[in-house]
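Notes for the one structure printed next.
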Amino acid sequence: MMKNFLDENVVEALVTSGYGDPFSILGMHKEGTDGELVVRTFQPQAQNVYILEYETGNIMAQMERVHNSGLFQYEFPSNWDFFKYRLRIDLWQGESYDTEDAYRFPPVLGEMDLYYMSEGTHLDEYDRLGAHVIKHDNVDGVVFALWAPNAKRVSVVGPFNEWDGRRHMMRPRGSSGIWEIFIPHITQGALYKYELISSDGNILPLKADPIAFYAEKRPSTASVVFDINQYEWKSKGWSKKREKLNALDEPISIYEVHLGSWKRHFEDNSYLSYKEMASDLVNYVKDMGYTHVEMLPVNEHPFDGSWGYQATGLYAPTSRFGNPLEFKELVDAFHSAGIGVIMDWVPGHFPKDSFGLADFDGTALYEHADPRRGEHRDWGTKIYNYDRREVSNFLTSNALFWNKEYQIDGLRVDAVASMLYLDYSRKAGEWIPNKFGGHEDLEAVEFLKKTNELVYANAPGAATFAEESTAWPMVSRPTYMGGLGFGYKWNMGWMHDTLDYMSLDPVYRKYQHNKMTFGMLYAYNENFVLPLSHDEVVHGKCSLLNKMSGDRWQKFANLRAYYGFMYAFPGKKLLFMGGEFAQDREWDYNGSLSWHLLNDPMHRGVQNTVKDLNKLYKDLPAMYQQDYTPDGFEWIDPNNGDESVFSFIRYGKNREDMVVVVSNFTPVPRENFKIGVPKEGKYVEIFNSDAEIYGGSGVVNSVKLETQNDGWNNRPYSLSFRLPPLATVMFILQQ
């Protein structure tokens, strides 16, 4: 008769999944007053269980069922030492299989790993937490590790154990709050989730892995074991190249794209795959002359209509388009084409889906418990608790993960304003002041500073971009100067002012002339990107084309002229997909762009305009080298409101590199229009948005223009030319 060294209450807790330290009971142990060697296993699916010699597979002993639920035990004499063994399981259906015992394996995580993760300073904690295919004690399998400090018990569940939380209960690692288990024989592709029991004994909804590298395609929500380290990068030495690509004095022209709606299969409206985009999208972006592509969030998300901004899998490229290696192939293809890759990143909030981070271990673990700090009322989401070091490190580690593992060149951080202010979109009484009584979220500020510092320190050449819509100072200044540490900031004010101006009938534009010039009053406060983004073409805001005033011809002319003005204005450039060929309807995330419009010469003309502007922009140092210094810009006449004409000069670092820009925002052509220029000689028109190839009326300057010595606009020379209607023209001095 076997002895039972376990208290009945312990046994009951174990077989009902309520025991928090199963490794202290299951597996092989010395127990009892005589130190008998006990092997114990919980196999609720088994009729019989046998202990096998490890090398030969011979049966050493048949285990005794000590609890009807499936707890088995065998006691060897006290003079036996610990040894390796395997198990044979006889199922009730008559089948049998041999297996390793997950509870015979020692821990995988080292004490220093636990220490640094507890300190919140483990910058690559994704190499430790999550699910990793490894060989442990010379056995193939997967090690699972999870942070859940307030859980009473944590289990890994999946098809491999019939989603039974009693089968693979995890080992708690001291006071770190981390649980782990190595499960032998599991391979890549296995589905899994975590089953947690809260401190009050309630079984929580099954949770996806916060650091899963891959996930089931929605609407399914399980995590998927995946080894992301199998890809061999073709674009060797890319990190060195991107140091120049993202520099302040280099051209940055960004094509913002939503992967799910850029283009779809015509037959069934299904998505293009990452592999298909690695050909179609990459070739298009390259052909259009963009320097960068920016992807709306590619991390896993359950709801298509969130566009990826409500993520449940920050470490997993969405499975909608393929697997992680295929996403790497897409990034690699962009790099091979010389194009930088920026990814939208959302550390400001997360959704309330029950399988996600919300109330993760039965407590407000990732979020603030108080809804005055922990909830975004507008978006119905939770706000991360940046003051908890493990949470801030989870996010910072994620930023570095995309830079390191996927060679992402830039992170555009979404909704920074919502992170900076405790009273963001809140009424009085709906928010809690900081310790100084102010409305700044001090913890979020420190998180952003730290993350920016670490991105720039650990991912050479990578850049961060802030979508920040307030007057918060020095967003794109280094932290040692008191800034937030971003590389660039979206210029939301310029975007709103200029689009408001373009929506006016030309008759009224002279009364709002300053909307186009005001941006120069603060142009050097930040490293600005001029964004015409997805947010401007949804939710009733209409397409860029239909924001323009006038009849059909005038709308197209206005848009071409506006693009010319934008490309010449100081700041890097960003245009959302569809804008480059004047999509005539609002963006719909659930369908393809209207590519058939390119059969229309007017739409094709806008596409040609953007393509040529991208080429000019990259070819002319004056257009980009000095975006962030007053030396790179000079008004010729900012005050010609009566004619709604703007004229200015862009300079390169070499003052001889000079582009003269004139925009006419009335439908009136002006013969012999006169401006002052600083240098004598012959000027050549290099761009005219009214050219017939762009769909314009053809009022161009086809001959070289010679300066006059009569002085104009406080400059020694003047230049007279044909100024077309609703158009932007550019000239360079012939050397």
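Computed from heavy atoms alone, side chains included, the values below leave out hydrogens, waters and symmetry copies. Remember, predicted model here, so these are calculated numbers, not experimental data.
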Salt bridge or not between [X] and [Y]? Use side-chain N to carboxylate O under 4.0 Å.
X: Arg242; Y: Asp409; value: yes
X: Lys328; Y: Asp332; value: no
X: Glu634; Y: Arg655; value: yes
X: Glu656; Y: Lys679; value: yes
X: Lys674; Y: Asp710; value: yes
X: Lys611; Y: Asp287; value: yes
X: Arg552; Y: Asp600; value: yes
X: Arg715; Y: Glu680; value: no

Ignoring hydrogens and angles, state whether a donor on the side chain of [X] or [Y] is under 3.5 Å from an acceptor on the partner side chain.
X: Glu300; Y: Ser319; answer: yes
X: Ser718; Y: Gln708; answer: no
X: Asn614; Y: Ser253; answer: yes
X: Arg509; Y: Ser549; answer: yes
X: Ser270; Y: His265; answer: yes
X: Asp500; Y: Thr498; answer: no
X: Arg585; Y: Asn546; answer: no
X: Glu580; Y: Tyr284; answer: yes

Minimum heavy-atom separation for Leu574 and Met566, please, with both atom names.
O-CE, 3.4 Å
For the residue pair [X] and [Y], establish whether any side-chain heavy-atom pair is separated by less than 4.5 Å.
X: Tyr563; Y: Leu613; value: yes
X: Asn590; Y: Arg264; value: yes
X: Val729; Y: Leu723; value: yes
X: Asp249; Y: Lys653; value: yes
X: Val661; Y: Thr728; value: yes
X: Phe731; Y: Asn701; value: yes
X: Met577; Y: Tyr255; value: yes
X: Lys555; Y: Lys547; value: no

Which residue pairs satisfy the ring-ring contact (aromatic ring centres under 6.0 Å, His included) criterion with at least one member in residues 689-710, sequence neighbours excluded?
Phe687-Tyr694
Using ring pair (Phe, Tyr, Trp, His ring centres under 6.0 Å) as the criterion, list what pairs up with [X], not counting sequence neighbours.
X: Trp238; value: His335
X: Tyr309; value: His534
X: Trp587; value: His258, Trp307, Phe576
X: Trp345; value: none

Hey, would you say the [X] and [Y] ring centroids sit under 6.0 Å apart?
X: Phe646; Y: His513; value: yes
X: Tyr562; Y: Phe665; value: no
X: Tyr651; Y: Phe633; value: no
X: Tyr488; Y: Trp490; value: no
X: Tyr628; Y: Tyr524; value: no

Report the C-alpha distance between Ser697 and Asp690 in whole Å, list the side-chain angles of each, state the deciding distance to 0.1 Å, and finish with yes or no for side chain to side chain donor-acceptor pair (under 3.5 Å).
CA-CA 6 Å; Ser697 61; Asp690 192 52; 2.6 Å; yes
Just do the ring-ring contact (aromatic ring centres under 6.0 Å, His included) check on Phe556 and His603 with the steps written out, would you?
CA-CA 8 Å; Phe556 279 94; His603 290 278; 4.9 Å; yes
The reported gap from CD in Glu685 to CD1 in Ile732 (rounded to nearest 0.5 angstrom) is 11.5 Å
Give, for atom CD of Glu329 and atom OG of Ser336, the distance between the pair rounded to the nearest 0.5 Å.
10.0 Å
Measure from NZ or CZ of Lys618 to the centre of the six-membered ring of Tyr624 and say whether it is under 6.0 Å with the direction within 45° of the ring axis.
no
Would you please name every residue forming a side chain to side chain donor-acceptor pair (under 3.5 Å) with [X], sequence neighbours left out?
X: Tyr683; value: none
X: Trp494; value: none
X: Gln310; value: none
X: Arg412; value: Asp344, Asp414, Glu467

Could you go through the side chain to side chain contact (heavy atoms under 4.5 Å, CB included) check for Asn664 and Leu726 one step at a time?
CA-CA 5 Å; Asn664 175 17; Leu726 296 175; over 6 Å; no
Dump the intermediate steps for ring-ring contact (aromatic ring centres under 6.0 Å, His included) on Tyr406 and Phe327, then the final yes or no.
CA-CA 8 Å; Tyr406 286 91; Phe327 179 65; 5.5 Å; yes
Step by step, work out the side chain to side chain contact (heavy atoms under 4.5 Å, CB included) result for Phe721 and Val662.
CA-CA 11 Å; Phe721 54 92; Val662 185; 3.8 Å; yes
Among residues at least two apart in sequence or on other chains, which ones pass salt bridge (Lys or Arg N to Asp or Glu O under 4.0 Å) with Asp304?
Arg218, Arg320
Of all residues at least two apart in sequence or in a different chain, which pass the side-chain contact (heavy atoms from CB on, under 4.5 Å) check with Asn639?
Asp637
According to side-chain contact (heavy atoms from CB on, under 4.5 Å), who are the partners of Leu598, at least two apart in sequence or on a separate chain?
Phe581, Trp595, Arg604, Gln607
Run Asn246 and Lys241 through side chain to side chain contact (heavy atoms under 4.5 Å, CB included) and show every step you take.
CA-CA 9 Å; Asn246 287 334; Lys241 296 177 183 177; over 6 Å; no
For side chain to side chain contact (heavy atoms under 4.5 Å, CB included), just list the numbers for Tyr271 and Trp262, CA-CA rounded to whole Å, side-chain angles, deciding distance to a tenth of an Å, and then say yes or no.
CA-CA 9 Å; Tyr271 294 128; Trp262 176 72; over 6 Å; no
